[in-house]
Student: 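Sharing a structure here in structure tokens format.
Residue indices begin at 1 and follow the sequence shown.
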Amino acid sequence: MNTTSVVFVPQGSITQIISYLHERNFALIPSLDTIIVRAFGWPQSGWVDIGVPSLSRGDFFYRLTHAKAAIVSVTLIPGQTTVQFFDHLAQTLNLSSEKLMEAYLQYAPYPEGLLFPETYHLPMGIKERHLAYYLVSLSEAQHEELSRKIFAEYNPRKWHRHLIVASIIEKEAASIEEMPLVSSVIYNRLKRDMKLQMDGTLNYGPFGNQKVTPERIRNDTSPYNTYKYAGLPPNPVATVSKDAIKAAIFPAQSDYLYFVRNKKGI
């Protein structure tokens with residue numbers, strides 16, 4: 001059998017697990033292999049260390065039921081960019097950040113704002129493409145679930161716009177309590193066709209932690225420069241928390257067009 005070196009196994013019955021793997025292009029015969037696996041024991045849930053990309057069917061089933069992968073925990077912090085997170089992942093899991101980003105961009109519907117900030121428990125030995133697919137699939141399911149809880153539907157285009165606003169809120173607000181107020185300023189300026197002129201929009205991609213200087217504002221010609229261009233950036237500028245998403249959907253009621261940062265917040 002050909003396989004990835006680590007395999008994610010969901011919780012469930014043996015029939016459900018074999019069907020899950022079959023749907024993900026493992027060369028299994030659900031009606032037959034469900035019976036065979038029972039002879040080896042119960043498949044472990046979570047990440048399983050298969051070890052080698054090619055092995056016999058018996059060895060595959062044995063490892064599926066006996067071999068746990070070494071797990072490391074990596075936390076994605078709200079407001080971090082995907083570039084920053086992938087650099088950290090690559091160092092922790094001994095991967096190529098460039099290959100990881102390349103694979104991610106093939107699977108993700110947009111380059112930023114998709115991954116949910118949380119602690120991910122990931123296996124040593126996973127490859128870049130497998131990891132990117134897992135992160136994208138997990139995050140897309142979480143976004144759809146949250147959208148359906150709020151709106152009773154999932155409209156990807158509208159949700160993407162909420163994520164753009166949420167990412168700016170994530171960069172500009174100093175606390176969760178400030179988020180709805182920052183959100184109101186964003187929408188009030190958009191309604192009046194005012195440029196947002198917010199530093200946080202320039203903290204995209206590799207510039208996630210870079211201080212925004214007057215020189216940077218003058219020289220950055222990307223559509224993320226809201227000092228030069230009206231409207232929202234084309235994509236989120238960072239990863240966003242559920243609190244920021246909710247603030248983007250439910251802004252405070254205000255007439256404010258500006259906010260000024262001080263030691264106590266806005």
Student: Distance-only, no hydrogens or angles: does the H121 side chain make a donor-acceptor pair with backbone N or O of I71 under 3.5 Å?
Tutor: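 Pair absent, no side-chain N/O of H121 close to backbone of I71.
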Student: Any sub-3.5 Å donor-acceptor pair from E170's side-chain atoms to A166's backbone N or O?
Tutor: no
Student: Could you tell me whether a side-chain N or O of R161 sits under 3.5 Å from a main-chain N or O of R157, the two making a donor and an acceptor?
Tutor: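 Such a contact is absent between R161 side chain and R157 backbone.
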Student: Would a single hydrophobic cluster contain both Y110 and I249, if residues Ile, Leu, Val, Met, Phe, Trp and Tyr are joined by side-chain heavy-atom contacts under 4.5 Å?
Tutor: yes
Student: Answer yes if the side chains of D33 and H22 hold a donor-acceptor pair under 3.5 Å, and no otherwise.
Tutor: no
Student: Which distance, rounded to the nearest 0.5 Å, do you find between the CD1 of I169 and the CG of L181?
Tutor: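 Nearest 0.5 Å value for the CD1-CG distance: 10.5 Å.
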Student: When rounded to the nearest 0.5 angstrom, what distance separates OG1 in T81 from OH in Y204?
Tutor: 11.5 Å
Student: Any donor and acceptor pair, going by atom type alone, linking the side chain of S5 with main-chain N or O of G125 inside 3.5 Å?
Tutor: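 Flag set: sc S5 to bb G125 pair under 3.5 Å.
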Student: Could you tell me whether a side-chain N or O of D87 sits under 3.5 Å from a main-chain N or O of S97, the two making a donor and an acceptor?
Tutor: no
Student: Any donor and acceptor pair, going by atom type alone, linking the side chain of K149 with main-chain N or O of E144 inside 3.5 Å?
Tutor: no
Student: Are the side chain of Y229 and the backbone N or O of T221 linked by a donor-acceptor pair below 3.5 Å?
Tutor: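 Yes, the answer is positive, given that a donor and an acceptor are paired below the 3.5 Å cut-off.
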Student: For Y227, is the NZ or CZ atom of K195 found under 6.0 angstrom from the centre of its six-membered ring and inside 45 degrees of the ring axis?
Tutor: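 No, a cation-pi geometry is absent between K195 and Y227.
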Student: Do H162 and F151 make a side-chain contact, defined as non-hydrogen atoms from C-beta onward lying under 4.5 Å apart?
Tutor: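 Result yes, sub-4.5 Å side-chain heavy-atom pair found.
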Student: Sub-3.5 Å donor-acceptor pair from the side chain of R148 to the main-chain atoms of E153, do we have one?
Tutor: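 No, because the side chain of R148 does not come within donor-acceptor range (under 3.5 Å) of the backbone of E153.
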Student: For M198, is there any backbone N or O sitting under 3.5 Å from a side-chain donor or acceptor partner on T201?
Tutor: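 Yes, the answer is positive, given that a donor and an acceptor are paired below the 3.5 Å cut-off.
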Student: Please check if the side chain of S167 supplies one atom and the backbone of I164 the other of a donor-acceptor pair under 3.5 Å.
Tutor: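 Looks like yes, one N/O pair under 3.5 Å.
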Student: Would you give the length of the straight line joining atom CG of L21 to atom CD of Q16, rounded to the nearest 0.5 angstrom?
Tutor: 12.0 Å
Student: Checking side-chain polar atoms at under 3.5 Å, does T119 have a donor or acceptor matched by the opposite partner on S73?
Tutor: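 Judged by distance alone, the side chains do not pair up.
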Student: Is any side-chain heavy atom of P223 closer than 4.5 Å to one of P234?
Tutor: yes
Student: When you measure from the centre of the six-membered ring of F40, is the NZ or CZ of R63 under 6.0 Å away and within 45° of the axis?
Tutor: no
Student: Answer yes or no: is there a side-chain heavy-atom contact under 4.5 Å between Y187 and V165?
Tutor: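 Of all side-chain heavy-atom pairs linking V165 with Y187, at least one is under 4.5 Å.
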Student: Between Y258 and N188, does any side-chain donor sit less than 3.5 Å from a side-chain acceptor?
Tutor: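 No donor-acceptor contact under 3.5 Å links the two side chains.
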Student: Please determine, by modelled atom types, if S241 and D243 share a side-chain donor-acceptor pair under 3.5 angstrom.
Tutor: no
Student: For the residue pair F86 and Y104, does the interplanar ring angle fall in the parallel (under 30°), tilted (30 to 60°) or perpendicular (over 60°) class?
Tutor: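 F86 vs Y104 ring planes: perpendicular.
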Student: Decide yes or no for N235 and Y224: does some side-chain heavy atom of the first lie under 4.5 Å from some side-chain heavy atom of the second?
Tutor: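 In short, these two side chains touch, coming nearer than 4.5 Å.
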Student: Could you tell me if the side chain of R129 sits less than 4.5 Å from the side chain of E102, heavy atoms only?
Tutor: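 A side-chain contact is absent here, since even the closest heavy-atom pair is not under 4.5 Å.
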Student: List the steps, then state whether side-chain contact (heavy atoms from CB on, under 4.5 Å) holds for F116 with T239.
Tutor: CA-CA 7 Å; F116 260 111; T239 56; over 6 Å; no
Student: Rounded to the nearest 0.5 Å, how far does OG1 of T92 lie from CG of L122?
Tutor: 9.0 Å
Student: Below 4.5 Å, heavy atoms only, C-beta onward: do N209 and N203 meet side chain to side chain?
Tutor: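 The answer is no, as the side chains (C-beta and beyond) never meet within the 4.5 Å cut-off.
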Student: When you compare the side chain of L135 with that of L89, does any pair of heavy atoms fall below 4.5 Å?
Tutor: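 A side-chain contact under 4.5 Å exists here.
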Student: Is it the case that the side chains of T82 and E112 hold a donor-acceptor pair, with the cut-off being a distance below 3.5 Å and no angle test?
Tutor: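 Note: E112 and T82 side chains meet the donor-acceptor criterion.
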Student: Do you reckon I36 sits in the same ILVMFWY cluster as V9, going by side-chain contacts under 4.5 Å, direct or chained?
Tutor: yes
Student: Using only heavy-atom distances, determine whether the side chains of D59 and S56 contain a donor-acceptor pair under 3.5 Å.
Tutor: yes
Student: Mind checking the CG-CG spacing from L163 to L114? Nearest 0.5 Å is all I need.
Tutor: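 Nearest 0.5 Å value for the CG-CG distance: 8.0 Å.
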Student: Looking at CD of Q142 and OG of S137, how far apart are the two atoms once the value is rounded to the nearest 0.5 Å?
Tutor: 11.0 Å
Student: Mind checking whether R218 and E215 have side chains closer than 4.5 Å, heavy atoms only?
Tutor: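 Answer yes - side chains close enough.
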Student: Test the R57-Y62 pair against the cation-pi criterion, namely NZ or CZ under 6.0 angstrom from the six-membered ring centroid and within 45° of the ring axis.
Tutor: no
Student: Measure up the H130 and W47 rings against each other and bin them: parallel (under 30°), tilted (30 to 60°), perpendicular (over 60°).
Tutor: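 Correct class here is perpendicular.
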